[in-house]
Structure formats: structure tokens, C-alpha cells
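Here is the structure we will look at.
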Amino acid sequence: MRQKLIAGNWKMNGLKADSQELVAGILSGLRATPVSADILICPPFTLTASVAVAVQGSPICVGVQDVSDAPKSSGAYTGEISAEMAADIGATYAIVGHSERRAMYGESNTVVRAKAENVLKAGLTAIVCVGETLEERESGQALAVVGEQVMHSCPTQTDGTNLVVAYEPVWAIGTGKVPTTADVAEMHASIRARLNDLLGHEAAERVRILYGGSVKPANAAELLSVSDVDGALIGGASLKAADFLAIAETQK
Ligand code: 13P
């Protein structure tokens, strides 16, 4: 039985004061109404350490939104942050290969896999993002494109416990559009089948597959009840404590 994971990706949002307020709101909400799911917050790098301190002793985990693909965990890589550095300040998860990084910063499957391998080497859990564009969906390529991403971006040195795959259709991110539950179920089953090819059955069964893209309090319960949906990766709605809590509270 895979434990559900409710994860907030703050993207490039948050300054010191408002982030402390947001975290305090989430903490007090979870104290009042505990949930059964794992809860993860991924603030920008600048806030990782302070958020990690703020959530100490609570059930909330902290992650980063990216790590370096450099072959070493320290050295002459100006501007880069290694997975080891993220671990050092309290992160236990790292997102890699978000579609915004693939599209805007040209990250290939090879780069994403190098990042994911660095994440695992540093002892963190990797959240590898995959997802098709609208054009790819409309031309019937969605399953093939996402299958390729899974096969070529996921690390293979894992028993499945430290790997999470996030299916985020690019056209659903920040748009208010969501796929039908049938489409989500089909895609998640297909991702599980590709993981089976890549990692073998036992490991593939342990990998959590999240859905992301316009998850809101109004659609969370339905999306999270779809078979093979093991949690959610939430952008916009994770920036409001009430919305993030309402999504988490669908998992009592
Ligand atoms: P939204 O929830 O804002 O659509 O963003 C999803 C996402 O990209 C999370 O990584």
C-alpha cells in the first residue's frame, strides 16, 4: 500500500516574511486536522533552510525544486546547488525535470536523469516530472512521449522507495484545465508499466506516481481517488494555506 504524498511546489514565489506566515498556517491547520498523507513543501532555495527549521518536529517534509547535474557534489560550478547541499540544509526530497525547466532551460531527459541520480546519491528522494504538451496530446502522442520521458529520465539504481514520478500535463499547469479521470488513470497505469520495464515489478510497485496540473480543493478528492494516483504535486494552490490544507484534508 503506497502512502499518498501531497506536495507543494512554490516555484519562484516567496519572500522571508510571507513564507513564514504560509508555513505557520499550514502547520496550525495540520495540528488541528491531522491527515494520513505525507506532506511536502518545496520552497525556492533561498527559503529551504528557514522552512526546514520552521517545520522541525512536525510531519511536514521539505524539498528543493531542482539540483545540479554536475558530476561532483562540490567544485567549480558557479551558481549550482548540489543535492548534497540541499540535504545539508534539511531537504529530504528534490524535484527534477519539471516541464518549466525542460521547456525554458532546455533540460533533456539525459540531464534530468543525471540530476535524479545525484539526488539518490545524496540520500534524498527524487521526484521526476514528466508530461506531454497540448500538441502531443491532440496528436495522440501523449502515452508515447511520457513513456519515453519515464524510460530516459528516471534513475535505475533504486528499489522504488526513493523515487516518485509526477505526471504533469504541460497544458494543465496553471491553466485551470485538468484531464478527465479516465485519461489520468490511463496515463498513470502506462507510467507504472514503463516503471515495471525499467525497474522490475517489485520496485515499480513502490514508486509513487503523483498527478500535477491545476489541482485545487474542488477537484482534489476526485483526482486522488483515481487508481494509481498516489498523491498530488500542487503549484498555485500550495501558496494559500487554506487551499493546500483543503487538498491535504481529502486524505484523512
Ligand atoms: P499548478 O497547480 O499551478 O497548475 O502547477 C502545477 C505544477 O506545475 C506543480 O509542479
Side-chain angles (χ1 to χ4, degrees), residues 4-14 18-19 22 26 37-45 47-48 51 60-67 86 91 93-105 107 112 115-116 119 124-134 136-137 142 145-146 149-150 153-154 163-181 183-184 187-188 191 208-224 226 229-251:
K4 290 257 199 301
L5 173 63
I6 305 295
N9 172 11
W10 289 7
K11 308 193 179 185
M12 195 174 74
N13 293 290
D18 45 296
S19 69
L22 177 51
I26 295 169
D38 291 342
I39 305 293
L40 170 67
I41 296 176
C42 300
F45 281 127
L47 298 171
T48 312
V51 171
I60 301 179
C61 293
V62 177
V64 291
Q65 300 169 16
D66 188 28
V67 296
Y93 286 80
I95 297 171
V96 292
H98 192 281
S99 63
E100 287 152 15
R101 297 213 59 85
R102 290 177 186 262
M104 292 188 242
Y105 305 100
E107 291 188 6
V112 175
K115 290 182 173 200
V119 171
L124 307 178
T125 295
I127 302 179
V128 177
C129 299
V130 294
E132 82 286 357
T133 63
L134 186 58
E136 289 162 344
R137 161 106 1 218
V145 166
V146 170
Q149 290 175 334
V150 169
S153 324
C154 286
L163 178 63
V164 176
V165 172
Y167 168 56
E168 301 204 301
V170 174
W171 51 273
I173 295 177
T175 58
K177 293 184 188 142
V178 288
T180 63
T181 50
D183 283 345
V184 173
M187 183 59 83
H188 280 232
I191 292 171
R208 290 184 284 184
I209 306 176
L210 313 184
Y211 169 78
S214 295
V215 178
K216 307 285 178 215
N219 60 21
E222 189 180 21
L223 287 164
L224 286 161
V226 174
V229 173
D230 304 311
L233 184 55
I234 304 149
S238 73
L239 297 171
K240 289 189 193 139
D243 285 357
F244 188 62
L245 286 165
I247 294 167
E249 284 166 12
T250 62
Q251 308 302 307

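Both ligands and their constituent atoms are indexed starting at 1 by order of listing. Since the structure is predicted, the reported quantities are computational estimates derived from the model, not experimental observations.
- Put simply, the side chain of Tyr211 gets close to the backbone of Gly213: a donor and an acceptor are under 3.5 Å apart.
- The atoms of ligand 1 that sit less than 4.0 Å from any heavy atom of Gly213 are 4 (O), 6 (C).
- Residue Lys11 places a heavy atom under 4.0 Å from ligand 1.
- Not a single heavy atom of Gly212 lies less than 4.0 angstrom from ligand 1.
- Closest approach of Pro169 to Pro179, counting heavy atoms only: CG-CG, 3.8 Å.
- Under a 4.0 Å heavy-atom criterion, Ala237 is not in contact with ligand 1.
- Contacts classified as side chain to side chain donor-acceptor pair (under 3.5 Å) and involving residues 213-222 (residues at least two apart or in different chains) are not found.
- A donor-acceptor contact closer than 3.5 angstrom is absent between the side chains of Gln149 and Tyr167.
- In terms of polar-atom proximity, defined here as any N/O pair under 3.5 Å, Lys216 makes no such contact with ligand 1.
- Arg101 and Glu107 are joined by a salt bridge, as a carboxylate oxygen and a charged side-chain nitrogen come within less than 4.0 angstrom of each other.
- Scanning all protein heavy atoms for the shortest distance to atom 2 (O) of ligand 1 gives Gly235 N, 2.9 Å.
- The closest side-chain donor-acceptor pair between Trp10 and Gln65, if any, does not fall under 3.5 angstrom.
- For ligand 1, the atoms lying closer than 4.0 Å to a non-hydrogen atom of Leu233 are 9 (C), 10 (O).
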Could you go through residues 37-44 and list every donor-acceptor pair under 3.5 Å that involves a side-chain atom there, pairing it with any protein atom two or more places apart or in another chain?
residue	atom	partner	partner atom	Å
Asp38	OD1	Gln3	NE2	3.2
Asp38	OD2	Arg208	NH1	2.9

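- Below 3.5 Å of separation, one finds no N or O of Thr175 facing any N or O of ligand 1.
- Of all the atoms in ligand 1, the ones that sit under 4.0 Å from a non-hydrogen atom of Asn9 are 9 (C), 10 (O).
- With hydrogens left out, the protein atom closest to atom 9 (C) of ligand 1 is Glu168 OE2, 2.9 Å, a heavy atom.
- Contact annotation: the side chain of Val184 approaches that of Leu223 to within less than 4.5 Å [non-hydrogen atoms, C-beta and beyond].
- Of all atoms in ligand 1, listed by their number and element, those nearer than 4.0 Å to a heavy atom of Gly236 are 1 (P), 2 (O), 3 (O).
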